[in-house]
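Positions are given from 1 along the sequence.
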Amino acid sequence: MNAIPQVTTPLLEVAGVRKTFARGEAGQLLVLDGVDLTVKEGEIVGLLGRSGSGKSTLLRIIAGLSRPTGGAVRFAGRPVDGAARGIAMVFQSFALFPWLTVYENVILGLEAQHLPREEIRRRADAAIELIGLAGFETAYPRELSGGMRQRVGVARALVVQPRILLMDEPFSALDVLTAETLRTDFLELWGEGRLGIGAAILVTHNIEEAVQMCDRICVFGSNPGRILGTVPVTLPRPRNRLDPQFREFVERVYVEMTARAAPATAVRFERFPGTGLGTVLPPVSSTVLAGLIEAVAGPPFLGRADLPEIARTLQLEIDDLFPAAELLQLLRFAEVEGGDIRLSEAGLAFAGADVEERQTLFEKHLLGYVPLAAHIRRVLEERASHRAPRSRFLDELEDYMAPEAAQQTLRAIVSLGRYAEAFLYDDEAGAFTLGG
């Protein structure tokens, strides 16, 4: 008699999740679109992407703290339609009540469940000892280091015995050594099965952290947030960052993050946004752009660099490297794909030019390839006063993007325009003017 294969229901199912936020007269801001994700028992899944790509919003939807505009979330086979018992979250900020002791912060979730006092004490003592806080039960958050405060946050999440632990950039606010210690401790406890959780979801923008901790990495795109690809990490634990196989997985993630969608698709989704007045410009200074061009142009890269290598050379994380690379691509000074950045002929010319030649070349590319810059320049040229208020362009941008993104984009164009001397900006008057 043939054995009947067992069908294992995923612990978590996210199907077609979409999330919009109202933005006044400008309509709805689409933050997440078509997100599909399953999580099985026994795995740590990473959500990797740049800040602002909607990863944290997705975590809040999974936890039942926010409702999706479309799609559905199922936990343990049941719809999530409110704060889900069995799911706990560790936040980026320590999120502790400063007037409560370590013990009092840890038991908050248990008190909300109206458990017997003896059970609350037993669970809290076990969680505090497990996470390395024994002896600090009566201490207040102000008396603890950042790493210890984050341990309190982890203990508070574990004490409710969740089946899924959600971690929203839990190590990003810590110094490098403290973050590494916490990651190592967490992975040791996970490997020994002492955390008592079925699965974990880690939001991060640190590629090496994702490779070190996760069994599977979901690469997030932006505007709107969606999962663009998945990289399974098959390395055994513990994982050594210096191991060549570890470096290979880091490279694979960079490749996935810089790959373009197939041109045959109806809508061209790219890791880097295309052109248009509605393009959100990243806040990157001209100094950083010039420095990245010079680094890629010089030895040992000579015009083409592996992104992980250039990131290590310049000590940049993806929230620093990718916006600069994105802007160089938009300006046609470089191409970014397949995990590499390659300077164009214009980029190489910029690297070899003197200060005045660089400014002239930058102005040409800024006005030629960034529609907002060309639009501002055209408006200024058409006006007899060669002057236009900042609000005139801010209102236009808010027709395309959220107010925060519009503010960021305008700040970016002011910086780029000044460097190129394409136009001037009077901060006190809040007005753009044409250069002399």
Not counting sequence neighbours, which residues clear side chain to side chain donor-acceptor pair (under 3.5 Å) with [X]? List them please.
X	value
Thr360	none
Glu169	His205
Thr178	Asp175
Glu396	His375, Arg392

Is the backbone N or O of [Y] less than 3.5 Å from a side-chain atom of [X], with the two atoms forming a donor-acceptor pair by type?
X	Y	result
Thr38	Glu13	no
Ser286	Leu416	no
Arg18	Gly71	no
Gln329	Val336	yes
Arg226	Ser222	no

Kindly check if the number of other-residue, nucleotide or ligand heavy atoms within 6.0 Å of [atom1] ([X]) is above 12?
X	atom1	value
Glu381	CD	yes
Glu41	CD	yes
Phe136	CZ	no

Please tabulate, for the side chains in residues 190-204, all donor-acceptor contacts under 3.5 angstrom to protein atoms that are two or more places apart in sequence or on a different chain.
residue : atom : partner : partner atom : Å
Glu192  : OE1  : Arg194  : NH1          : 3.3
Thr204  : OG1  : Asn206  : N            : 2.9
Thr204  : OG1  : Glu209  : OE2          : 2.8

Keeping to residues at least two apart or across chains, list the salt bridge (charged side-chain N to carboxylate O under 4.0 Å, His left out) pairs with something in [range].
range	value
residues 140-153	Arg151-Asp185
residues 402-427	none
residues 281-300	Glu294-Arg358
residues 57-74	none

Side chain proximity check, [X] to [Y], heavy atoms < 4.5 angstrom:
X	Y	answer
Leu12	Val73	yes
Lys40	Leu11	no
Val280	Gln408	yes
Leu327	Val288	no
Arg304	Ile341	no
Phe322	Thr258	yes
Asp33	Val17	no
Ile293	Leu328	yes

Is a side-chain donor-acceptor pair under 3.5 Å present for Gln212 with Glu180?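 On atom types as modelled, these side chains qualify, holding a pair under 3.5 Å.
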Does Arg342 pair with Glu337 as a salt bridge, N-O distance under 4.0 Å?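 Not counted as a salt bridge, because no side-chain N and carboxylate O are separated by less than 4.0 Å.
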Under a 4.0 Å threshold between the charged nitrogen and the carboxylate oxygen, would Glu363 count as salt-bridged to Arg377?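 Judged by the 4.0 Å cut-off on N to carboxylate O distance, Arg377 and Glu363 do form a salt bridge.
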Report the residues that fulfil side-chain contact (heavy atoms from CB on, under 4.5 Å) with Pro308, sequence neighbours left out, ordered by chain and then residue number.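 For Pro308, the residues satisfying side-chain contact (heavy atoms from CB on, under 4.5 Å) (neighbours in sequence not counted) are Val250, Glu251, Tyr254, Asp306, Arg312.
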Taking side-chain contact (heavy atoms from CB on, under 4.5 Å) as the definition, give me every residue that meets it alongside Ala157, ordered by chain and number, with sequence neighbours left out.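 Applying side-chain contact (heavy atoms from CB on, under 4.5 Å) to Ala157 gives Ala88, Val90, Leu165.
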For Tyr425, check ring-ring contact (aromatic ring centres under 6.0 Å, His included) against everything at least two apart and list the hits.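 So Tyr425 forms a ring-ring contact (aromatic ring centres under 6.0 Å, His included) with Phe432.
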Sole residue of Leu281, Leu372, Thr279 in side-chain contact (heavy atoms from CB on, under 4.5 Å) with Leu397: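 Of all the options given, the one that passes is Leu372.
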What heavy-atom pair brings Ala422 and Leu434 nearest, and what distance separates the two atoms?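 Shortest heavy-atom separation between Ala422 and Leu434 comes out as O-CD1, 4.2 Å.
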Might you point out which heavy atoms bring Pro282 and Ala412 nearest each other, and give the distance in Å?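 Heavy atoms of Pro282 and Ala412 come nearest at O-CB, 3.6 Å.
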Spacing of CZ belonging to Phe393 relative to CD1 belonging to Ile413, to within rounding of 0.5 Å: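 Reported to 0.5 Å precision, the distance equals 10.5 Å.
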Face-on cation placement of Lys19 at Phe21 ring, 6.0 Å and 45° thresholds: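 Yes, Lys19 and Phe21 form such a contact.
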